[in-house]
Novice: 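Here it is, the structure, as structure tokens.
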Amino acid sequence: MLSIFLKSYTSLKKSGLQIVRQLSSVNFDIQQKHPQAQRPVGLPRARYGGRNAVTMLPGGGIGPELMDYVKEVFLEGGIPVDFETIQIDPKSDNNDDLEYAIMSIRRNGVCIKGNIETQSLDSAIISRNVAIRNELDLFMNVIHVQSYNNIRSRHKNVDVIVVRQNTEGEYAMLEHESVKGVVESMKVITKTNSTRLARNAFELAKNNGRSKVTAIHKANIMKLSDGLFLETCKNMSLNYPDIKFDHMIIDNCCMQLVSNPHQFDVMVMPNLYGSIVSNVICGLVGGAGIISGKNYGDHYAVFEPGTRNTGSSIAGTNTANPIAMLNASADMLEHLGHRVHCDKIRTAISKTLNEDMVHTPDLNGTAKSSDVVQNIIKYVKSIGGRI
């Protein structure tokens with residue numbers, strides 16, 4: 001049976017029919033030779049009649065209402081995407097919902113998600129967000145932070161790409177209480193994962209015309225773990241002589257970001273530092289509500305707001321900023337190859353924020369979430385373009 005499938009697959013490839021999707025514009029042909037866990041196997045993406053099936057995980061807090069806005073924009077814009085919506089119960093004492101969500105992402109290949117809460121204190125119930133990234137080997141998180149002209153912020157003309165390791169470091173979830181009152185948490189840094197992250201960061205810089213890559217670390221204290229990460233990045237830089245390489249300690253990096261973010265171009269870093277830096281730099285250009293994040297692996301991609309905030313305190317008030325989630329949906333469309341629809345949404349967002357100045361309270365405006373969405377829909381429906 002396997003030989004018949006392989007022959008059919010080879011025949012289809014020779015005929016020019018593409019049945020396995022290209023995951024992103026970043027070069028992801030770098031493979032782990034010695035994985036820490038079993039690598040996922042890629043499946044043909046779910047696509048029927050020219051439409052893409054996409055897994056949608058609303059998550060908690062403002063996630064469900066933001067996903068409703070995404071669905072509304074896609075419906076009004078005639079965007080050929082069908083969502084398979086799966087809600088994960090944050091209070092669940094088992095992983096059934098999580099396992100079903102992961103199965104759906106494996107089937108569809110692409111997911112858009114809000115931040116998923118994990119309220120159970122049972123040690124057997126792992127963080128849903130971390131589990132999704134680890135199970136699908138989404139080893140790289142990328143956020144592209146750009147300033148909007150008419151959003152009041154600390155700095156103007158910021159344009160930085162942050163590349164974050166997404167599956168190890170302090171998020172390895174390896175903790176134990178060696179003696180009562182003493183907890184040890186293991187930080188895992190591997191040469192294999194550091195190498196493929198560094199290579200993809202340099203490839204991303206090269207493919208996007210960037211001139212510098214800065215590695216963020218704490219190798220002065222964590223000489224073995226962060227030392228390995230830094231050494232790996234230095235060695236990788238030798239393969240890209242046209243791109244300047246620099247490195248900076250994480251605490252100094254945070255100070256430099258808030259004082260002079262323009263010195264950075266592409267930044268690459270381990271997991272925890274990426275969480276910190278992403279939130280700091282998003283705050284510099286307007287806050288958590290506008291920047292999107294992309295999680296990439298060899299076979300799957302998951303799109304979400306860049307700062308991964310739940311926003312529970314403003315859920316249901318019609319004041320949440322929908323821009324980050326809509327930007328995530330535009331990133332998803334670009335990834336799927338729907339470039340025209342992607343450009344329509346991005347243009348509509350830009351006009352709404354920069355020209356019409358329709359801003360939610362987090363951007364010092366008075367508009368409701370629904371006002372922003374309706375203004376974006378107005379442009380999506382009016383902007384022309386060949387599909």
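Computed from a predicted model, the values in this text were never measured in an experiment. Computed from heavy atoms alone, side chains included, the values below leave out hydrogens, waters and symmetry copies. Each residue takes its place number in the sequence, starting with 1.
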Novice: Please report the interatomic distance CG(Asn279) to CZ(Arg308), rounded to the nearest 0.5 Å.
Specialist: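 Those atoms lie 9.5 Å apart.
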Novice: My understanding is that only residues two or more places apart in sequence, or in another chain, count here; which of them pass salt bridge (charged side-chain N to carboxylate O under 4.0 Å, His left out) with Asp96?
Specialist: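 Listed in chain order: nothing, the list is empty.
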Novice: Can you list, by chain and residue number, the hydrophobic cluster partners of Val182 when the side-chain cut-off is 4.5 Å?
Specialist: Val179
Novice: Just distance, no hydrogens or angles: give the donor-acceptor pairs under 3.5 Å from side chains in residues 61-73, sequence neighbours left out.
Specialist:
{"unit_1": "Glu65", "atom_1": "OE1", "unit_2": "Gly316", "atom_2": "N", "d": "2.8"}
{"unit_1": "Tyr69", "atom_1": "OH", "unit_2": "Asn318", "atom_2": "OD1", "d": "3.2"}
{"unit_1": "Lys71", "atom_1": "NZ", "unit_2": "Thr85", "atom_2": "OG1", "d": "3.1"}
{"unit_1": "Glu72", "atom_1": "OE2", "unit_2": "Gln374", "atom_2": "NE2", "d": "2.8"}

Novice: Could you give the distance from OG1 (Thr190) to CZ (Phe229), rounded to the nearest 0.5 Å?
Specialist: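 Those atoms lie 10.5 Å apart.
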Novice: Would you sort out whether Ser147 and Asn157 count as a side-chain hydrogen bond (donor to acceptor under 3.5 Å, both in side chains), showing the intermediate values?
Specialist: CA-CA 6 Å; Ser147 300; Asn157 302 316; over 6 Å; no
Novice: How long is the straight-line distance from CG of Asp343 back to NE2 of His338, given to the nearest 0.5 Å?
Specialist: 13.0 Å
Novice: Can you list everything that forms a ring-ring contact (aromatic ring centres under 6.0 Å, His included) with Phe202? Sequence neighbours excluded, please.
Specialist: Tyr240
Novice: Going by distance alone, is a donor N or O of one side chain under 3.5 Å from an acceptor N or O of the other, for Asn295 and Glu304?
Specialist: yes
Novice: Evaluate the side-chain proximity of Thr214 to Lys212: yes if any heavy-atom separation is below 4.5 Å, no if none is.
Specialist: yes
Novice: Check whether any side-chain heavy atom of Met267 lies under 4.5 Å from a side-chain heavy atom of Cys253, and answer yes or no.
Specialist: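 The answer is yes; the side chains approach within 4.5 Å.
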Novice: If we only count heavy atoms from C-beta on, is the Arg152 to His359 side-chain gap below 4.5 Å?
Specialist: no
Novice: First locate atom CD1 of Ile243, then atom CE of Met236, and finally report the distance between them rounded to the nearest 0.5 Å.
Specialist: 11.5 Å
Novice: Leu204 versus Ile161: any side-chain heavy-atom pair under 4.5 Å?
Specialist: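 Yes; the side chains approach each other to less than 4.5 Å.
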Novice: Step by step, work out the side-chain hydrogen bond (donor to acceptor under 3.5 Å, both in side chains) result for Asn108 and Glu84.
Specialist: CA-CA 9 Å; Asn108 296 325; Glu84 180 183 2; 3.0 Å; yes
Novice: Salt bridge check, Lys187 against Asp226: does any charged N sit closer than 4.0 Å to a carboxylate O?
Specialist: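 Salt bridge flag = yes for Lys187 with Asp226.
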Novice: Looking at Leu224, I'd like to know if its CG atom is crowded, meaning that more than 12 non-hydrogen atoms belonging to other residues, nucleotides or ligands lie closer than 6.0 Å.
Specialist: no
Novice: Determine, for Tyr273 and Arg164, whether the Lys NZ or Arg CZ falls below 6.0 Å from the six-membered ring centre while staying within 45 degrees of the axis.
Specialist: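 Cation-pi check for Arg164 and Tyr273: fails.
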Novice: Looking at Thr307 and Ser278, what are the two nearest heavy atoms and their distance?
Specialist: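 Smallest interatomic distance, heavy atoms only, reads CG2-O, 4.3 Å.
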Novice: Looking at residues at least two apart in the chain, or sitting in another chain, which of them share a ring-ring contact (aromatic ring centres under 6.0 Å, His included) with Phe83?
Specialist: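 Checked Phe83 against ring-ring contact (aromatic ring centres under 6.0 Å, His included); matches are Phe74.
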Novice: When you check the gap from the basic side-chain N to the acidic O, do Asp251 and Lys218 get nearer than 4.0 Å?
Specialist: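 Looking at Asp251 and Lys218, the cut-off is met.
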Novice: In plain terms, say whether Asp89 and Arg128 are close enough for a salt bridge, that is, a side-chain N and a carboxylate O under 4.0 Å apart.
Specialist: no
Novice: Evaluate the side-chain proximity of Met140 to Gln165: yes if any heavy-atom separation is below 4.5 Å, no if none is.
Specialist: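 Heavy-atom side-chain distance check fails, nothing below 4.5 Å.
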Novice: Could you pull out the closest heavy-atom pair between Lys113 and Cys111, with the gap in Å?
Specialist: CB-SG, 4.1 Å
Novice: Scan side-chain atoms only and decide if Asp356 and Thr352 contain a donor-acceptor pair under the 3.5 Å cut-off.
Specialist: no
Novice: Can you tell if the side chain of Ile345 reaches within under 4.5 Å of the side chain of Ser329, non-hydrogen atoms only?
Specialist: yes
Novice: Less than 4.5 Å apart, any side-chain heavy atom of Ile291 and any of Asn327?
Specialist: no
Novice: Between Leu57 and Thr55, is any pair of side-chain heavy atoms under 4.5 Å apart?
Specialist: yes
Novice: Tell me whether Lys244 at atom NZ has more than 12 heavy atoms from other residues, nucleotides or ligands lying less than 6.0 Å away.
Specialist: no
Novice: Out of curiosity, Thr192 OG1 to Leu197 CG, how far, rounded to the nearest 0.5 Å?
Specialist: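 The CG atom of Leu197 is 12.5 Å from OG1 of Thr192, to the nearest 0.5 Å.
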Novice: Look at Glu203 together with Lys206 and state whether they make a salt bridge at an N to O cut-off of under 4.0 Å.
Specialist: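 Yes.
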Novice: Can you list everything that forms a ring-ring contact (aromatic ring centres under 6.0 Å, His included) with Tyr148? Sequence neighbours excluded, please.
Specialist: none
